[in-house]
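So the structure is just underneath, and the comments pick up after that.
Both counts, for ligands and for their atoms, begin at 1 and track the order of listing. Side chains included, hydrogens not; waters and symmetry mates left out as well; all remaining heavy atoms used.
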Amino acid sequence: MTGLRGEGRSHVPVTWVGTSWKMTKTLAEARRYARRLADAWGDGTAMPGVQPFVIPSATAIAAVRSELGSSPVLVGAQDAHWEDAGAWTGEVSVPQVADAGAVMVEIGHSERREHFGETDERVNAKVLATLRHGLRPLVCVGETAAVRDEGGADAHVVRQVEAALRGVDDPSGVLVAYEPVWAIGSRGRPAGPEDIVGVVAAIRASAPGVAGVLYGGSVAQGNAAELLAVPGVDGVFVGRAAWSVEGLVEIAYLAGRSRQVPSP
Ligand code: PGA
């Protein structure tokens, strides 16, 4: 797909390095982060091929976009409704987050699936709405520990991906984030490459046309390089470790360096 909002039309594959701030940061903190990130990343020429992105709370999207100025860092929303407008108290639509400066929409994070009743059907409706408005969906999928223990991780995740992409004619604008539920958050167990390689391959096989498959769940400076080296992984989606500018930039630099290492 070409012509997604706010993006060039390069066909060189990029390595994605992004963070969702989840429900953290005041407006002042968000602005400060964005200003410092714009300074630290510059025009990105020091790390060609790495595409950073930041996903603030909806309250801070416009401020973050504005502070980033001409920076190539992309801004996303943590969720958006499937309808364009209407009587949906408390919700925010894709046109609204686009108006605020978002070019990506995170959809189906496991915290939303677990706590807010996000179903595969709703994830699908949100993916379709996001694409309809020319934004990039970042679809989060992942199995619980119980599903993995029963040996059902591949099938579960493939089912989530297929459901999310139902009715999508051209998936080349879609990013998938594989985030095993058991690996997310301060009580999560960080996954190793051996834990994820099979599921990533299964996602690739079931959705070969997507723009990229990212890995997320307790990614940090210490394990980003080995996770980025897993075949089929095109980037990382980071929570806590990138809630400081230094954290995000350090992981983005690790990603840039791992691109420069020729494969054996
Ligand atoms: P974490 O969050 O890096 O803090 O584990 C990841 C995520 O939920 O995407």
Side-chain angles (χ1 to χ4, degrees), residues 15-25 29-30 33 37 51-58 60-61 64 73-80 102 104-118 123 126-127 130 136-145 147-148 153 156-157 160-161 164 174-193 195-196 199-200 203 210-228 230 233-255:
T15 302
W16 300 85
V17 178
T19 180
S20 163
W21 293 344
K22 306 194 181 186
M23 196 173 71
T24 73
K25 297 199 191 298
E29 289 164 345
Y33 185 116
L37 178 57
Q51 177 60 67
F53 61 93
V54 178
I55 307 189
S57 298
I61 293 171
V64 166
V73 174
L74 301 178
V75 180
Q78 294 181 17
D79 187 33
M104 307 170 71
V105 181
E106 179 183 353
I107 301 168
H109 189 279
S110 63
E111 288 151 15
R112 295 211 57 84
R113 292 180 191 260
E114 182 184 347
H115 303 302
F116 302 100
E118 194 83 300
V123 168
K126 291 175 178 188
V127 168
T130 299
R136 186 185 285 288
L138 171 59
V139 179
C140 302
V141 295
E143 81 288 357
T144 61
V147 169
R148 173 161 287 244
H156 179 86
V157 169
Q160 287 181 322
V161 171
V174 177
L175 290 172
V176 175
Y178 170 48
E179 304 203 302
V181 179
W182 46 268
I184 292 174
S186 54
R187 278 173 297 176
R189 172 177 79 75
D195 295 317
I196 70 166
V199 181
V200 171
I203 295 172
V210 297
V213 177
L214 283 58
Y215 171 75
S218 294
V219 175
Q221 292 77 354
N223 64 359
E226 63 178 17
L227 293 164
L228 283 160
V230 171
V233 169
D234 303 300
V236 284
F237 190 30
V238 191
R240 291 154 297 148
W243 289 350
S244 71
V245 174
E246 295 71 22
L248 181 64
V249 169
E250 202 178 319
I251 294 170
Y253 270 70
L254 287 166

Legend entry - Worked check of side chain to side chain contact (heavy atoms under 4.5 Å, CB included) between V139 and V161: CA-CA 8 Å; V139 179; V161 171; over 6 Å; no
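What sits closest to atom 2 (O) of ligand 1 on the protein, heavy atoms only, is K22 NZ, 3.3 Å. With respect to atom 3 (O) of ligand 1, the closest heavy atom belonging to the protein is G239 N, 2.9 Å.
At least one heavy atom of S218 sits less than 4.0 Å from an atom of ligand 1. Residue contact annotation: G185 has a non-hydrogen atom under 4.0 Å from ligand 1.
Between E179, R240, E111, it is R240 that holds the heavy atom closest to atom 4 (O) of ligand 1.
For the 3.5 Å distance criterion, the side chains of R240 and T19 fail to qualify, holding no donor opposite an acceptor.
A distance of 5.0 Å separates CH2 of W243 from OG1 of T24, quoted to the nearest 0.5 Å.
Remark: side-chain polar atoms of S110 are not paired, donor with acceptor, to backbone N or O of V141 under 3.5 angstrom.
Between A177 and F237 the shortest heavy-atom distance is CB-CD2, 4.1 Å.
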